[in-house]
Each structure stands twice: as C-alpha cells, then as structure tokens.
Asker: 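Dumping the structure here so I can ask a few things about it.
In this text, all values refer to a predicted model and were calculated from it rather than measured experimentally. Below, chain A is the first sequence line, B the second, and so on; all start at residue 1.
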2 protein chains.
Amino acid sequence: MTVYRNPIAQKLLEAFSQFHKLNWKQSPIVGLKSSEIMVLYSIKKRTPPESPGIKVSEISSALSVANPTITQLINALEANGYVERTMDQEDRRVVRVKLTGKGETTVDKATGAFFESFNGLVDYLGEEESNRLAEVLAKVYRYFSELKRDNP
Amino acid sequence: MTVYRNPIAQKLLEAFSQFHKLNWKQSPIVGLKSSEIMVLYSIKKRTPPESPGIKVSEISSALSVANPTITQLINALEANGYVERTMDQEDRRVVRVKLTGKGETTVDKATGAFFESFNGLVDYLGEEESNRLAEVLAKVYRYFSELKRDNP
DNA sequence: ATATAATATTTAGGTAGCCTAATAATTTAT
DNA sequence: ATAAATTATTAGGCTACCTAAATATTATAT
C-alpha cells in the first residue's frame with residue numbers, strides 16, 4: 001500500500017492540515033465576519049483619500065473570489081453602514097464602493113488587532129524565518145497552481 | 001494609520017491568505033469530497049487488518065473536528081458503501097467503523113493521487129526546505145494556539 | 001444606425017465543511 | 001441506586017464560497 005511511502009510528504013501533509021484549520025483571520029472583535037473585514041481592508045488599502053471608491057471587480061480580484069461573493073458581502077456591509085455605493089459617472093455599469101466614517105474606524109480597529117497578532121508572529125519566528133516562510137508558501141502556491149493547470 | 005506598519009507581517013499575511021485558499025486537498029477524483037477522503041484515510045491509517053474498526057471519536061480527534069461532523073460524514077460514506085458500522089461488544093455506546101472492500105480500493109486510489117502530488121511538492125521544494133516548512137508551520141500553529149489560549 | 005457582443009454587477013440558489021444544543025443509550029462513580 | 005459522565009446521533013445553523021441566469025450599460029461590426 002502506498003500510504004506511508006514518503007515520510008516527509010506525510011509530515012508536510014499533516015502540517016498543512018493543522019495550519020489550514022487555524023483561524024488566523026480571527027477577531028470578529030467588532031461584530032463583523034472575517035470575510036467582511038477582509039473586504040473593508042482591501043477597500044481601505046486601495047482607496048486614496050479623494051477617490052470615488054473602488055470597483056466591485058477590483059475587490060474580488062484583490063481577494064481572488066468571484067464577483068457575486070463581493071456583491072453579497074457589500075450588501076451586508078452597506079446595510080450596516082460600513083460602506084457606500086455610488087455609480088460611476090464615466091461608465092455607468094460600474095459601481096464605486098467606499099468606506100463610510102463608521103467603516104473607517106471599524107476597519108482600523110479590526111486591522112489593528114489583526115496586525116498586532118501578525119507582528120507578534122514575526123517576533124516569534126524572527127524576521128528572517130518569517131520572510132523565508134512567506135517565500136516558501138508562495139512557492140507552494142505556485143506548485144499547486146501549476147499542477148492544477150497541467151492536469152485539468 | 002496602523003495598516004502598513006510592518007511590511008514583513010504584511011507579506012506573511014498575504015502569503016497565508018493565498019495559501020489558505022489553495023485547494024491542496026483536491027482530487028474528488030473518485031466522486032468523494034475531500035473531507036470524506038480524509039475520513040477514509042484516517043480510518044485506514046488506524047485500522048490494523050483484523051481490527052473491529054475505529055471509534056467515531058477517534059476519527060474526530062484525529063481530524064480535530066467535532067463528533068457530529070464525523071457522524072454525518074460516516075452516514076454518507078456508509079450509505080454509499082464505503083464503510084460499515086458495527087456496535088462494540090464491550091461498550092455498547094461506541095460504534096466501530098471500518099472500510100468495506102470498496103472503501104479500501106477507493107481510499108487507495110484517492111490517496112495515491114494525493115501523495116503523488118505531495119511527493120512532487122517535496123521534489124519541488126527539496127527535502128530540507130520541506131522539512132523546515134513543516135516545522136515552521138507547526139510553530140505558527142503553536143503561536144496562534146497560545147495567542148488564542150491567552151486572550152479568550 | 002442597429003444589431004450583436006462584451007463587460008460589470010446583481011439575484012437566486014446552491015455546496016462544502018464545519019459548528020452547537022439537545023437527545024438517547026450506556027457506563028461509571030458515589 | 002441514583003447521579004454524573006461518556007459516546008454517538010439528530011437537528012438545525014453558519015461561513016465562505018460557487019455557478020448560472022438576469023439586467024444594464026457600453027463597445028464593436030455591418
């Protein structure tokens with residue numbers, strides 16, 4: 001039986017498994033889901049002060065999810081006053097999304113806690129190891145993406 | 001604003017994000033969900049030839065999920081003839097689960113493809129880097145577990 | 001100028017993978 | 001012997017996604 005063949009592969013699999021179920025996106029501190037926080041964060045990150053807002057499709061590609069996923073998240077965020085939608089004047093198919101004041105302060109609070117824990121992680125691992133980890137993970141990502149591309 | 005403070009933390013966050021949505025458990029090759037394959041695999045791994053089967057609770061703790069999650073997966077797997085339930089004679093609260101013939105051949109096929117891709121990954125990264133990655137991921141896991149333990 | 005195609009978003013309705021609370025059956029502890 | 005604990009199950013819920021189809025609008029081709 002093929003099951004135990006490569007102990008390193010086995011070890012890696014187990015590490016992935018464990019890591020995968022780690023909830024590092026945590027902190028619904030502020031009553032928002034992680035996915036909502038990610039959306040707010042990616043709006044904030046890509047919206048300069050006087051911008052009319054970011055496109056829905058820009059958010060979804062930033063987060064690598066499908067458009068309808070973002071639409072739905074935005075629906076809830078708008079209903080709760082975290083973001084505003086406006087229609088783009090130049091191209092009226094596109095919707096511009098930006099943070100409200102409430103959205104701003106909320107995302108600051110949420111990402112504060114969030115980055116604090118990541119800063120702690122960098123301290124825990126050390127800067128060099130942290131960098132290396134980020135790079136190796138990117139490499140792993142590439143590997144599986146290629147694998148998927150090559151076998152349909 | 002606190003958002004961009006530590007570029008390493010930022011980089012790590014992005015790597016995690018990407019990695020997280022990687023579907024490395026892939027291969028519903030055989031018409032089973034990944035979670036079902038994981039269950040079959042963990043049964044196989046812990047069931048010696050003449051064993052009466054593994055307990056539901058052993059599976060759930062092996063996979064770190066709640067008991068009802070396993071019960072439900074087993075329901076489907078049993079309905080489709082991959083596993084059998086028998087009641088334990090010594091302790092009639094416990095249910096013993098084991099693979100049927102179909103379950104055996106199926107899990108072999110599924111884990112074959114699965115381990116092949118992991119062996120490929122080990123080749124891609126190199127053995128040393130692979131080992132290191134597994135260890136660092138375990139360390140990250142520890143960090144977040146402690147963090148969670150310390151702040152409720 | 002109009003029909004056609006492409007683009008952007010939304011609506012509707014899934015699915016996978018988990019969870020908790022409550023219940024039933026049985027075993028263990030007092 | 002009764003209370004408490006353990007094992008598994010049922011029921012129902014939640015998050016984070018997805019695809020297909022509908023709707024608007026804009027761009028292109030004839």
Asker: Checking ring-ring contact (aromatic ring centres under 6.0 Å, His included) against A/Phe19, which of B/Phe144, B/Tyr143, B/Phe19 comes through?
Answerer: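 Single pass found, and it is B/Phe19.
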Asker: Can you check the B/Gln89 CD to C/dT27 C1' distance for me, whole Å?
Answerer: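 It works out to 15 Å between those atoms.
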Asker: Mind calculating the distance between CG (B/Leu77) and P (D/dT9) to the nearest angstrom?
Answerer: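 Nearest whole value for this atom pair: 12 Å.
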Asker: D/dA8 phosphate, OP1 or OP2: any side-chain N/O from B/Asn75 under 4.0 angstrom?
Answerer: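 Result: no.
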Asker: Assuming nearest nucleotide by heavy-atom distance, tell me which of A/Val95 and B/Thr69 is located more 5' along DNA chain C.
Answerer: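 Counting from the 5' end, the first nearest nucleotide belongs to A/Val95.
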Asker: Looking at the side chain of B/Arg93, which of C/dC18, C/dT9, D/dT6 is the nearest nucleotide?
Answerer: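 The nucleotide sitting nearest to the side chain is D/dT6.
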Asker: Counting only heavy atoms not in B/Glu127 (residues, nucleotides, ligands), do more than 12 fall under 6.0 Å from its CD?
Answerer: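 At most 12 heavy atoms, drawn from other residues, nucleotides or ligands, come within 6.0 Å of this atom.
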Asker: Phosphate oxygens OP1/OP2 of C/dT9: is one of them under 4.0 Å from a side-chain N or O of A/Ser57?
Answerer: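 So the side-chain polar atoms of A/Ser57 do come within 4.0 Å of the phosphate oxygens OP1 or OP2 of C/dT9, strictly under.
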Asker: When you get a sec, tell me which of C/dT20, C/dT9, C/dT11 is the closest nucleotide to the side chain of A/Pro68?
Answerer: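 Looking only at heavy atoms from C-beta outward on A/Pro68, the closest nucleotide is C/dT11.
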Asker: Return the value, rounded to whole Å, for the distance between atom NZ of A/Lys55 and atom P of D/dA24.
Answerer: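 Roughly 20 Å, once rounded to whole Å.
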Asker: Counting only side-chain heavy atoms from C-beta out, which of C/dC18, D/dT9, C/dA8 sits nearest to A/Lys21?
Answerer: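 The answer is C/dC18, which lies nearest to the side chain.
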Asker: Would you kindly give the CZ-to-P distance between A/Arg85 and C/dT11, to the nearest whole Å?
Answerer: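 One finds 7 Å between P of C/dT11 and CZ of A/Arg85, rounded.
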Asker: Could you work out how much the helix from C/dA1-D/dT30 to C/dT30-D/dA1 bends, comparing the axis of its first five pairs with that of its last five, to 10°?
Answerer: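 It works out to 10° between the end axes.
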Asker: With sequence neighbours left out, which residue pairs that include part of residues 59-72 of chain B fulfil the side-chain hydrogen bond (donor to acceptor under 3.5 Å, both in side chains) condition?
Answerer: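 Qualifying pairs: B/Ser60-B/Asn67.
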Asker: OP1, OP2 of D/dA16 versus side-chain N and O of A/Ser35: anything below 4.0 Å?
Answerer: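 Affirmative; the distance criterion is met.
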Asker: Taking A/Lys44 as the fixed residue, which of A/Thr111, A/Val39, A/Leu99 is the one that meets the side chain to side chain contact (heavy atoms under 4.5 Å, CB included) rule?
Answerer: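 Output: one option passes, namely A/Leu99.
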Asker: Heavy atoms from C-beta onward define the side chain here; which of C/dT9, C/dC19, D/dA8 lies closest to that of B/Val94?
Answerer: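 Nearest to the side-chain atoms of B/Val94, counting from C-beta on, is D/dA8.
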Asker: Can you confirm whether A/Glu78 sits close enough to A/Arg85 that some side-chain heavy atom of one is under 4.5 Å from a side-chain heavy atom of the other?
Answerer: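 In short, these two side chains touch, coming nearer than 4.5 Å.
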Asker: Measuring to OP1 and OP2 of D/dA16, would you say a side-chain N or O of A/Ser34 lies under 4.0 angstrom away?
Answerer: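 Answer yes for this pair, as a side-chain N or O of A/Ser34 is under 4.0 Å from OP1 or OP2.
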Asker: What's the closest nucleotide to the side chain of B/Arg92 if the choices are C/dT26, C/dT10, D/dT25?
Answerer: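 Of the candidates, C/dT26 comes closest.
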Asker: Of all the nucleotides listed (D/dT10, C/dA8, D/dT19), which has the minimum atom distance to the side chain of A/Ala66?
Answerer: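 The closest nucleotide is D/dT19.
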Asker: When rounded to the nearest 0.5 angstrom, what distance separates CD in A/Glu58 from CD1 in A/Ile43?
Answerer: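 Answer for the CD-CD1 pair, A/Glu58 versus A/Ile43, is 11.0 Å.
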Asker: Which whole-number value in Å describes the distance from A/Met87 CE to D/dA24 P?
Answerer: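 Computing the A/Met87:CE to D/dA24:P distance gives 11 Å.
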Asker: How close or far is atom P of C/dA8 from atom CD1 of A/Ile59, stated in whole angstroms?
Answerer: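 It works out to 14 Å between those atoms.
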Asker: Quickly work out the A/Leu32 CG to D/dC14 P distance and round it to whole Å.
Answerer: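 One finds 17 Å between P of D/dC14 and CG of A/Leu32, rounded.
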Asker: Ignoring the backbone of B/Asn67, work out which of D/dC17, D/dA16, D/dT9 is nearest its side chain.
Answerer: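 Comparing D/dC17, D/dA16, D/dT9 against the side chain of B/Asn67, the answer is D/dT9.
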Asker: Does the side chain of B/Leu133 reach to within under 4.5 Å of the side chain of B/Leu125, using non-hydrogen atoms?
Answerer: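 In contact.
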Asker: Check every atom of C/dG17, C/dT9, D/dC18 against the side chain of A/Gln72 and return the nucleotide holding the closest atom.
Answerer: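 Selected nucleotide: D/dC18.
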Asker: Counting side-chain heavy atoms from C-beta on, which of D/dT25, D/dA8, C/dT11 comes nearest to B/Val56?
Answerer: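 Nucleotide nearest to B/Val56's side chain: D/dA8.
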Asker: Want to settle it: does A/Val65 or B/Asp91 sit nearer the 5' end of DNA chain D, counting the closest nucleotide to each?
Answerer: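 Comparing both residues, the 5'-ward one is B/Asp91.
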Asker: I need the CD-P distance between A/Glu90 and C/dA8, as an integer number of Å.
Answerer: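 Roughly 14 Å, once rounded to whole Å.
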Asker: Any non-hydrogen side-chain atom of A/Leu32 less than 4.5 Å from a side-chain atom of A/Leu40?
Answerer: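 Side-chain contact under 4.5 Å: yes.
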